[in-house]
Every structure is written in C-alpha cells, then in structure tokens.
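What follows is a single structure, written as structure tokens, with notes after it.
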Amino acid sequence: MDPTFNRRDFIRLSAISTLGFAFLPFSGLQAAPSDRVRIAIIGLGGMGLSHLNWFANLPDVEVVALCDVDSNRAKDALKKLNKIHPDNKAVTYTDFRHILDRPDIDAITIATPDHWHAQIAILAFQSGKDVYGEKPLSYSFKEGQMMLDALEEQGRIFQLGTQIHAGDNYHRVAEIIQSGELGKIKSVRLWKTGEPPIIKRLNFQTPPKSLNWDMWLGPAPYSEYAPEKCHVNYRYFMEYSGGVFQDFWCHIADVLYMSLEPNKLNRISATGQRSPGMGDTAAWMNVDYEFKNLDVHWTSTPPNIPGAERRHIGACFEGTKGSLICDYNSMEIYFNGKILNDIPEVALSIPRSPGHQQNFIDSIKSRKQPESNLEYVREMTMPMHLGLISFQLGRPLEWNHRKELFQKDDEANGLLWRPYRDKWNLIGA
C-alpha cells in the first residue's frame, strides 16, 4: 500500500459506477469463508454494540473476538452475537493485548473511551492489523501525529467512525460547494446544541468485581473509582474526553473538510463556560478559527441565519453568490433569491459510498485507504484539539501550521500532549 494515498486519490480512483448505489447489509448475500475479514471488537458499550451489529451483518466479515475491561459487557455482547450468528466461535477477553497477539485476526474496531484510542490503534498497526476507530480520533493532538506515523510505517488501513460521512447528503453538499455555483466561500458556521448533564457528586467506592478499573483508566491519571466517571459519563471529564464539543466536532466539521479542505490555520479564539457540577467540560463553547481565506465559527447555539433554528446540529457555507445550510440528512440553498433543495445543474462527481463499514472492509482487501482515512481525519480533527486548548487557557492562540506548534507559547504547546501513566505507557511514548 502507498502510505501517501489520501482522500483525493480515493475520489479519483473509485469506480464511478458506484454512484447512486447504497450497500444493504441485510441483503442475504454470502461470502466464502476464505474471503471473510476476521474482526475483533474492542470496547462493548453502546457504540461497541453498534460495531458488533454492523460488522456481524456484513457477508464478508466474521467477528471472532470481543473485548471489554468490564467482563459483564463482554458476556452481554457475546449473547448478542449468538443471536446474529448462533454458530459463531468468538472468544471474549478483558485485555485487548490478547487480541493483538492473535495472528489470525485481520482487523479490530475501537469503541473505548477517548483516552485509549491512540495506543490501541498504534499497537494494532504494529501487530499487523487494520483499524476501524471510533471518534474522536485521539485524546490529544500529538497522538494523532503518532497514529499517522505508525500507520504509514506499518502500511495499515484506518477508517474513523464518522458514519454520516458515507451518506448521500454530505457528498451532494460537497459537490455543490466545489462546483463554485455559490461563489467563493468566505466563512462557514458550525454548531451543536446541548449541554452535558450536571453531575452533582462523585460517589467514590470499590470498583465492581467485573470491572478492571486500573486498566479502564490506563494511560489517564490515576483516580479512585466513581461510577459517575465511568462508562457513558466519562466524556464529561477532561481527564478522558472533551465534552459535547469533542463528541460532535468531527461529525459536522466533516462536511466542511469534505467540501473545502481548509488549510493554513493561523489563529484560534475560544470562549465558554465550564459545566456546573463535578464534570469539567464546557457547558457552552464558541470558537473562531482563522484559516487562509476562510473563517470558521463554532457555536453551542444555532447562528442567527434562516433555517438554523430548526437544526440542533448544522453547517452553513456563506458564499459570494449564495449560501447553503445543512445537517446530516438535509440541505437548503439560498441562491438567486430562491430557496432550493438542490442545484440540478451540478453534476454528480463524487463516487457514493458502499456503506461506511463496507468501505472499511473493501479497503482492507484492496489496500487502498477508505474515505475517512487517517491522513484526512487527522487534519479534520486538529482544530477541535486546538479549540479545547484555547478554551482551557481562556485566551486566543496563534498557530504555526508548518511546525504544528503554537507561536511562542510554551504553556499552550504543553497541552498538545499529555504524558501517559507509566504503568500504561505501552508504546514507549
């Protein structure tokens, strides 16, 4: 595989004949066992169970292993797999390293908390396995760099779990923006409503016997166990994630990067307020980004533009000849004094996805990177990390896009990376 293969290569080389077709995972098609990709699922919470359902229902996939540091979750997941494939021979684990030791496993999926994403992916690359990793790409900015280096060194395949990326709506938005019909895009507004839950107290206690709490923490700073910090709620603690902003950035910023591929970021300015209660992520957060010839604005409330108030998440492209507002599944175009749902004159030019998970499986077989490949998603994820750092420090930051460092700011640069807890520094970082 050519490690420099990127999204532009994918669009150029994908078969145009796939336009307009969608993959149907329950079509009843069968693949010969020798053609099946053998997959292990790591992390079996809500998203991990979705991974299990998606991949177990693909005809050219065999789910052969399930792993979670909570043994009860692993047992429950196996029951679900048994309902899909009663004759499966999958093995359950509580330590993902046993999976990486198995040479018969082709690929893994990662649906762990954010702070484990990078190390598991890097170790998987080093063990000769391809990776479908849940969003966000990584806990810290530097980890994204480390992941890309490891992927290129080992010649592996990676797909980020931005499932919306595969939908027709994002592809059509990108075609319209790239066509130039709306003129030069000067600014883009992104938003996601919703606040984190208010966690009133932490009830510190002995971890349940089914949970390896020390391994759940892994590379994160040590903390006594409190159920309010574990499993679903972990995303509202900066030790493990970055709140609503980190959780949803890539899903809506994806359509921006599909359409425009902004570059040469030079300034980031975030404002916001920390959530009340024990969680320490943002209750609300606004971020202004200055790229070369493009301004991008993130807000926690819809901007004051037509159509935004009806969308809890969205993007608005503001061009010199018109504007386009969209969410995951719809768009409105304000063009020539009219409100349109499409511009039919714009040709279909971007091949449609066979399905986000099928795209990953096809890429494993072809050794050509999928649409949400690591090079692309690292660029797309980068502003999220930098916005969080500006929020944490409470001040604007200047960015050197060539060096990928903040300008003359040691404090901010120190937040691009968090050293791993010694016991769980499994990659010698």
Inset, instruction - Flag the pair Leu100 / Ile105 as yes when at least one side-chain heavy-atom distance between them is below 4.5 Å, and no otherwise. - result: no
Legend entry - Stepwise side-chain hydrogen bond (donor to acceptor under 3.5 Å, both in side chains) check, Asn203 with Glu228: CA-CA 7 Å; Asn203 296 294; Glu228 296 81 11; 2.6 Å; yes
Inset, instruction - Check whether the side chains of Glu371 and His171 place a donor and an acceptor atom closer than 3.5 Å, and report yes or no. - result: yes
Legend entry - Greater than 12 external heavy atoms within 6.0 Å of Asp422's CG: no
Legend entry - Lys/Arg-Asp/Glu bridge criterion (N-O < 4.0 Å) met for Asp104, Arg38: yes
Inset, instruction - For residues Tyr132 and His356, establish whether the separation of their ring centroids is below 6.0 Å. - result: yes
Inset, instruction - Give a yes or no on whether a salt bridge exists between Glu62 and Arg36, defined as a side-chain N under 4.0 angstrom from a carboxylate O. - result: no
Legend entry - Trace of the side chain to side chain contact (heavy atoms under 4.5 Å, CB included) decision for Tyr240 with Leu217: CA-CA 8 Å; Tyr240 319 121; Leu217 287 172; 3.5 Å; yes
Inset, instruction - For the residue pair Pro219 and Trp116, establish whether any side-chain heavy-atom pair is separated by less than 4.5 Å. - result: yes
Inset, instruction - For Ile177 and Ile185, work out which heavy atoms get closest and say how close. - result: CG2-CG1, 4.0 Å
Inset, instruction - Return yes if some donor-acceptor pair links the side-chain N/O of His297 with the main-chain N/O of Val188 below 3.5 Å, else return no. - result: no
Legend entry - Distance flag, aromatic centroids of Tyr289 and Trp298, threshold under 6.0 Å: no
Inset, instruction - Indicate whether the side chain of Thr162 and that of Ser372 have a donor and an acceptor atom separated by less than 3.5 Å. - result: yes
Inset, instruction - Taking atom types as modelled, find out whether Ser187 and Asp295 have a side-chain donor-acceptor pair closer than 3.5 angstrom. - result: no
Inset, instruction - Going by the ring-ring contact (aromatic ring centres under 6.0 Å, His included) test, name the single residue among Tyr257, Tyr376, Phe360 that passes it with His165. - result: Tyr376
Legend entry - Verdict with reasoning, Phe391 to Val287, per side chain to side chain contact (heavy atoms under 4.5 Å, CB included): CA-CA 8 Å; Phe391 167 74; Val287 193; over 6 Å; no
Legend entry - Min side-chain heavy-atom separation Arg156-Arg367 under 4.5 Å: yes
Legend entry - Ion pair check, Lys135 and Asp247, cut-off under 4.0 Å: yes
Inset, instruction - Report yes if some heavy atom in the side chain of Leu137 is under 4.5 Å from a heavy atom in the side chain of Met380; otherwise report no. - result: no
Inset, instruction - Report yes or no: do Asn57 and Asn53 form a side-chain donor-acceptor pair below 3.5 Å? - result: yes
Legend entry - Main-chain N/O of Ala124 paired with Ser127 side-chain donor or acceptor, under 3.5 Å: yes
Inset, instruction - Give, for atom CZ of Phe248 and atom CD1 of Ile313, the distance between the pair rounded to the nearest 0.5 Å. - result: 6.0 Å
Legend entry - Distance, nearest 0.5 Å, that separates OG of Ser50 from CD of Glu134: 8.5 Å
Inset, instruction - Using a strict 4.0 Å threshold on nitrogen-to-oxygen distance, state whether Arg189 and Glu318 make a salt bridge. - result: yes
Inset, instruction - Check whether any side-chain heavy atom of Met215 sits under 4.5 Å from a side-chain heavy atom of Trp424, and report yes or no. - result: yes
Legend entry - Lys/Arg-Asp/Glu bridge criterion (N-O < 4.0 Å) met for Arg352, Glu175: yes
Legend entry - Full working for side chain to side chain contact (heavy atoms under 4.5 Å, CB included) between His117 and Thr112: CA-CA 7 Å; His117 287 184; Thr112 65; 3.3 Å; yes
Inset, instruction - I would like to know whether Tyr225 and Cys230 meet side chain to side chain contact (heavy atoms under 4.5 Å, CB included); could you show each step before the answer? - result: CA-CA 8 Å; Tyr225 171 74; Cys230 190; 4.0 Å; yes
Inset, instruction - Test salt bridge (charged side-chain N to carboxylate O under 4.0 Å, His left out) on Lys209 and Asp70 and set out the steps. - result: CA-CA 9 Å; Lys209 292 182 180 180; Asp70 187 331; over 6 Å; no
Legend entry - Asp101 atom CG, neighbour heavy-atom count above 12 within 6.0 Å: yes
Legend entry - Identified side chain to side chain contact (heavy atoms under 4.5 Å, CB included) partner of Gln369 from the options Leu374, Asn359, Ile157: Ile157
Inset, instruction - Run the salt-bridge test on Asp214 and Lys423 with the 4.0 Å N-O cut-off and return the result as yes or no. - result: yes
Inset, instruction - Please work out whether the ring planes of Trp216 and Trp213 are parallel, tilted or perpendicular, with thresholds of 30° and 60°. - result: parallel
Legend entry - Presence of salt bridge, Asp362 and Lys368, under 4.0 angstrom: no
Inset, instruction - Any chance you could measure Tyr328, atom OH, to Ile252, atom CD1, to the nearest 0.5 Å? - result: 6.5 Å
Inset, instruction - Could you tell me whether Arg235 and Asp114 have a side-chain N and a carboxylate O separated by less than 4.0 Å? - result: no
Inset, instruction - Would you kindly say whether Asp60 and Gln358 are connected by a side-chain donor-acceptor distance under 3.5 Å? - result: yes
Legend entry - Donor-acceptor pair between Glu398 and Asn266 side chains, under 3.5 angstrom: no
Inset, instruction - Drop me the distance from Ser138's OG to Gln145's CD, to the nearest 0.5 angstrom. - result: 9.5 Å
Legend entry - Validation row: Tyr170, Ile164 side chains within 4.5 angstrom (heavy atoms): yes
Inset, instruction - Using the side chain to side chain contact (heavy atoms under 4.5 Å, CB included) rule, pick out the option among Thr301, Thr193, Thr271 that qualifies with Trp284. - result: Thr271
Legend entry - Rounded distance [0.5 Å steps], CD in Glu404 versus CG in Leu265: 10.5 Å
Legend entry - Heavy-atom side-chain contact between Ile42 and Thr109 under 4.5 Å: no
Legend entry - Donor-acceptor contact present, side-chain Arg73 to main-chain Val69, <3.5 Å: no
Legend entry - Minimum side-chain heavy-atom gap Arg418-Pro221 below 4.5 Å: yes
Inset, instruction - Output yes when Arg395 and Asp409 qualify as a salt bridge under the 4.0 Å nitrogen-oxygen rule, no when they do not. - result: yes
Legend entry - Arg274/Asp280 salt bridge by N-O under 4.0 Å criterion: no
Legend entry - Side-chain donor-acceptor contact under 3.5 Å, Arg102 with Tyr93: yes
Inset, instruction - Looking only at non-hydrogen atoms, find the nearest pair between Phe406 and Ile268 and report the distance. - result: CE2-CD1, 4.2 Å
Legend entry - Glu239 with Lys229: basic N within carboxylate O range, under 4.0 Å: yes
Inset, instruction - Rounded to the nearest 0.5 Å, what's the gap from CE on Met258 to CZ on Arg172? Could you check? - result: 12.5 Å
Legend entry - Shortest non-hydrogen contact between Ala270 and Ser390, atoms and distance: N-OG, 2.9 Å
Legend entry - Aromatic centroids of Phe141 and Trp399 separated by under 6.0 Å: yes
Legend entry - For Gly45 against Asp68, the heavy-atom pair lying closest together: N-OD2, 4.1 Å
Inset, instruction - For the residue pair Tyr420 and Trp417, categorise the inter-ring angle as parallel (less than 30°), tilted (30 to 60°) or perpendicular (more than 60°). - result: perpendicular
